[in-house]
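Each remark here refers to the structure printed beneath this line.
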Amino acid sequence: MKKTFLGFVIPSMILICFIVSFTLVSCKDETKDKLEEATEAVSTDVKDVIDSTKVKMEAKIDSVKEKTKAEIDSAKLKSAKKLEEAAKKLKEAVKK
């Protein structure tokens, strides 16, 4: 039973592969042109999405850079104030 089934399935699969190959090879030029147009349209859409995403990411990166710079500047000011206070305390301690 199993041999009979495989004897039927394998030739059927070979025939299906042959038909699919023949169909792909013998596509009309119109079909090939439509396929090329569709490929170009999809490529254009993908490029547009990539470009818009790139612009959005650059804007976010710029905002993060600005925020980081502001935080660093704030930290510098705070540390400078603390350093001045420590220097004042040290001078007072030396005077005593």
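No hydrogens, no waters, no symmetry mates; every other heavy atom, side chains included, goes into these values. The chain is numbered in sequence order, starting from 1. Just so we're clear, the structure is a prediction, and the values are computed from it rather than from any experiment.
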Any sub-3.5 Å donor-acceptor pair from S74's side-chain atoms to A70's backbone N or O?
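Not confirmed, S74 side chain does not pair with A70 backbone.
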If you measure from [atom1] on [X] to [atom2] on [Y], what distance do you get to the nearest 0.5 Å?
X: K65; Y: E58; atom1: NZ; atom2: CD; answer: 9.5 Å
X: E84; Y: S79; atom1: CD; atom2: OG; answer: 10.0 Å
X: E37; Y: E40; atom1: CD; atom2: CD; answer: 7.0 Å
X: D62; Y: M57; atom1: CG; atom2: CE; answer: 11.0 Å
X: E85; Y: K89; atom1: CD; atom2: NZ; answer: 6.5 Å
X: T68; Y: I61; atom1: OG1; atom2: CD1; answer: 11.5 Å

If hydrophobic clusters are built by linking Ile, Leu, Val, Met, Phe, Trp and Tyr wherever their side-chain heavy atoms come under 4.5 Å apart, do V42 and I50 end up in the same one?
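Yes, because V42 and I50 connect within a single hydrophobic cluster, where side-chain heavy atoms sit under 4.5 Å apart.
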Criterion side chain to side chain contact (heavy atoms under 4.5 Å, CB included) against V49, the qualifying member of V46, T53, D51:
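Running side chain to side chain contact (heavy atoms under 4.5 Å, CB included) over V46, T53, D51 with V49 returns exactly one hit, T53.
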